[in-house]
Amino acid sequence: MNTEVLEIFRQAVEDPGKEVREWKEKKGGKVVGFLLTDVPEELIHAAGFFPFGICGGTVRMDQVEAHLQFWSCSYVRNSLALALDGKLDFLDGLVIPHTCDTTRMLMGIWKHVRPLPFMDSFRLPRQVGRPSAKQYVVGELRRIKDRLDDFRGTEITDEELSQSFKLYNSNRNLLRKLFNLHEQNPASISNKDLYTVVKASMVIEREKLNMLLSELVSVLAENAGTPNDKTKIFISGTFLEPLDLLNYIDESGGAIVGDDLKNGFRYIESDVAEAGDPLEALAERQLKRIPSASYDIPENLRRHFLVKTAQQKGVQGVILLHVKYCEPENYDYYDNIQALEKAGIPALRIETEFGDTSLGQLSTRVQAFMEMVGGE
Amino acid sequence: MSEKKTFKTAQLMKEMMKKYYEDGAAAKERGIPVAWVTAVSPVEILYAAGVFPYYPENFGAVAAARKVADKLSVHAESKGYAHDLCGYARCGIGDAYADEHPIGEIVKPEVLFCCNTQCGSLPKWFEVASRFYNAPYFLLDAPLIGNEPEELCTSYYKEQLYEMISLLEKITGNPFDYDRLAEVLHLSNEACRLWNEVLDTAALKPAPFGFFDACFHMAPIVTMRGTQEAVTYYQALKEEVDERIKEGIHAIPNERFKIYFDHIPLWPKLRWFSDLFAAHDSLVAVSQYTHSWSYSFDLNRPIDSLAEQYTEEFVNRYFDYRLQLKMNFFKKYNVDGFVLFSNRSCKPNAFGLYDKRSILSEKTGLPGVVFEADMSDLRFFSESQVLAKLEPFFEQLGSS
Ligand code: SF4
Ligand code: SF4
């Protein structure tokens, strides 16, 4: 069932540069890459550029040693390694969101080793609870928009922005439907395929993506039926990587029904308002994203969000994925676990790495956890 | 090694710091709220509001210098805080969970003010502490800025200073006293001016004062900037340094080379490093680190001035700006080489150093080296590995 369209997504993840290379050849347009995923992609898209999410890949790592200490997180090491190895040669630009000290420092290194015609940072606010934050984000978005205008040579129009907002909202809406279908009926699409589609959605031309997603959703909806009898799992962390990890959850009869991942549900959870001032709308979306370790409000919404969502969805266990050496995530971990424990929700923490293929040990731990929480 | 004549002011500092900690411990009884604060943040506002500013980073540095950072850290590690997080944070979090307190207990906060110009570790640590001690937490958010100051960032910061002031008014129950702020800013200016005059004497050859001396004498500029005590202290230090210049007393016995050092010292190995450099007739003359506290506030526009100076600090600037800053120091202090410390605790200052080393050598022709260790935790220090990096560097110095 539906394997044809799914196959396109799988291939896009297998070779993330494939779609964008073809697009570039055909259209001759510019590609602006971004690190995941707190970036105003809509602005890049509205300028007519291809927004390309850098989401990891297998690559030789030796060249990166001369530029980044081994104790930097594997996402950033992997991304820079891809650039050094020529695997991101189609990029004309790059936007790095400041999610941590590592991303704050990366731009200088990248500029030095692989300069691109357009390079900018999205300087996220670290506090999102006070009135000052909103004004700042709007200003920062305006600054980035001005730079994109300059790079393109003409100003991005409101009409172009509105088109991009519509397209992105539609894509997110379709992806949310997919999550919904999976939650109602996990047999319709496996965990691995679901998150494969999310990952692919960052590297496929967004207009084409819209068609593919529509097709996928309608095929799946037709086949919906069997009720959910799987073990409900919530995943918390920065990134879901490597995707193969999900095989173990699939094999142990688990269904992921929620997450706060940069390359998961958090990526597509909220939309941009299509009415009103476009930059304000983008700022609003950024500020009300699902809480993450990179910024929070003093009351620590993230912990509450975790517990509340887990309870509402009746999850049987939470798996915390910690990208090794990811500092912000590490600082949240203990209190999150405590909060879950207090609420009587079992949790498992596992350390992951980008580009890691030796998952052997993890499989045992994930399977044991799944057995424990699913065994009633 | 080198028999060093200790500074007379060292005794004064001990007394001052002792009193500072006693005041911190007694603050609560006297009805003065204790506010946690970070090293590069507008503490002037806290002094003006009449709360007691306490620096948990300093607690971490003291634990490191007394070689107990690892002992405190394991208590944090046992909860899942990894040993690659900032050593200060591990000491602070570790102390919260520990039963033993080898350097005394950290002073508990009633409110926490964190400014993130320095790094993203401090806000995460303060968030953890705010939950642990059940005290309100306020973040002064400073987006990284490039070569030119940016109106967007200063006005954002300024807005937040007003938000901070309203919170302080709520906590103290008093309206914020802007006249008092002007006095505090004046005292800060004075202390910073004197401190930088002392630092500048390291440019003399031979010099009476170097980086390792600065590490010893910096506590008041970090923790008491904005008080009369700090001004008095640096007046005394300045006088003593001037005397040394007159009497021909030098920081190291036989100064042949001047070195730039980046950035924080290895606290538990301060003496070892200072002896090692001295043995190679090298004076570590300057580091951007000790120059972090070089403020000069405009008393006529206090809030704007605070916002500008704190956001435009080098710790809050991009790669190119920091490169240029280092080269400016090379020039000003006429250094013969540079040593860059890839400090595992401090990612914002460590990441980029590999490339900076090659760029700096290319641009200046000076020998330079990067070595790996941790500023506070000896588990990540290998004497032989550090020497393997530094010995060839010293040879290069001698042969150029
Ligand atoms: S994984 Fe963590 S450390 Fe790495 S870039 Fe993301 S937030 Fe930063
Ligand atoms: S040592 Fe570095 S990471 Fe730690 S508190 Fe200081 S600036 Fe932040």
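None of the values given here were measured: they were computed from a predicted structure. Throughout, a chain's letter reflects where its sequence line sits, starting with A, and its residues are numbered from 1. Hydrogens, waters and symmetry mates are skipped; everything else that's a heavy atom, side chains included, is used.
Considering every non-hydrogen atom in both B:K347 and A:T102, the closest pair reads CD-OG1, 4.5 Å. In plain terms, the two heavy atoms of A:M105 and B:P348 that are nearest each other are SD-O, 3.2 Å. Across every non-hydrogen atom of B:V315 and A:R104, the tightest pair is O-NH2, 4.3 Å. Of all heavy-atom pairs between B:D84 and A:E327, the closest is O-OE2, 4.1 Å.
For the atom pair A:K111 NZ and B:D320 CG, the distance stands at 6.0 Å (nearest 0.5 Å). For the atom pair B:S358 OG and A:H67 NE2, the distance stands at 8.0 Å (nearest 0.5 Å). Between the CD atom in A:E65 and the OH atom in B:Y354 there is a gap of 8.0 Å [rounded to 0.5 Å]. Atom CG of residue A:D101 and atom CG of residue B:N116 lie 9.0 Å apart, to the nearest 0.5 angstrom. Separating the OH atom in A:Y334 from the CZ atom in B:F132 is a distance of 9.0 Å, to the nearest 0.5 Å. With values rounded to the nearest 0.5 angstrom, A:Y331 atom OH is found 8.0 Å from B:L122 atom CG.
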### Task
In sequence, state the C-alpha distance, the side-chain angles, and the governing distance for A:Q69 and B:S342, and then conclude on side chain to side chain contact (heavy atoms under 4.5 Å, CB included).
CA-CA 8 Å; A:Q69 284 84 339; B:S342 166; 2.9 Å; yes
#### Entry: Working for ring-ring contact (aromatic ring centres under 6.0 Å, His included), residues A:W71 and B:F351
CA-CA 10 Å; A:W71 33 270; B:F351 291 160; 5.4 Å; yes
### Task
Decide side chain to side chain contact (heavy atoms under 4.5 Å, CB included) for A:N330 and B:K124; before the verdict, give the C-alpha distance in whole Å, the side-chain angles of both, and the deciding distance to 0.1 Å.
CA-CA 9 Å; A:N330 195 172; B:K124 294 311 289 181; over 6 Å; no
#### Entry: Test side chain to side chain contact (heavy atoms under 4.5 Å, CB included) applied to B:R131 and A:R303, step by step
CA-CA 11 Å; B:R131 298 193 286 267; A:R303 212 166 19 132; 3.4 Å; yes
### Query
Stepwise, does the side chain to side chain contact (heavy atoms under 4.5 Å, CB included) test hold for B:F138 with A:R130?
CA-CA 10 Å; B:F138 184 96; A:R130 301 196 304 265; 3.4 Å; yes
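Counting only heavy atoms from C-beta outward, the side chains of B:K356 and A:I109 never approach each other to under 4.5 Å. B:E127 places a side-chain heavy atom less than 4.5 Å from the side chain of A:D332.
For B:R322, the part lying near chain A is the side chain, with the backbone staying farther off; criterion is any non-hydrogen pair under 4.5 Å. In this structure, chain A has no heavy atom under 4.5 Å from any part of B:L112. In this structure, no portion of A:E329 lies under 4.5 Å from any heavy atom of chain B. In this structure, chain A has heavy atoms under 4.5 Å from both the backbone and the side chain of B:A350. Using a 4.5 Å cut-off between heavy atoms, B:Y81 contacts chain A through both its backbone and its side chain. Of the atoms belonging to A:Q338, not a single heavy atom falls under 4.5 Å from chain B. For A:F122, no part lies under 4.5 angstrom from a heavy atom of chain B. For B:L323, no part lies under 4.5 angstrom from a heavy atom of chain A.
The 12-atom threshold is exceeded at NE2 of A:H112, counting heavy atoms of other residues, nucleotides or ligands nearer than 6.0 Å. The neighbour count for B:K389 NZ, taken as heavy atoms of other residues, nucleotides or ligands under 6.0 Å away, does not exceed 12.
Options B:L353, B:I93, B:L85, B:V128 differ in how many heavy-atom pairs under 4.5 Å they form with chain A, and the most are formed by B:L85. Interface summary for chain B: among A:R349, A:Q135, A:M107, the most heavy-atom pairs under 4.5 angstrom belong to A:R349. Across A:A293, A:P328, A:A133, A:S132, the residue that shares the most heavy-atom pairs under 4.5 angstrom with chain B is A:S132.
In this structure, A:R123 fails the cation-pi test against B:Y156, since its NZ or CZ atom is not both closer than 6.0 Å to the six-membered ring centre and inside 45 degrees of the ring normal.
Looking at A:R126, its side chain never comes within 3.5 Å of a backbone N or O of B:P123 through a donor-acceptor pair.
By a heavy-atom distance cut of under 4.5 Å, B:I145, B:E150, B:L152, B:C153 are the residues of residues 145-155 of chain B near chain A, going up by number.
Aromatic rings of B:Y157 and A:Y136 (six-membered ring for Trp) have centroids beyond the 6.0 Å cut-off, not under it.
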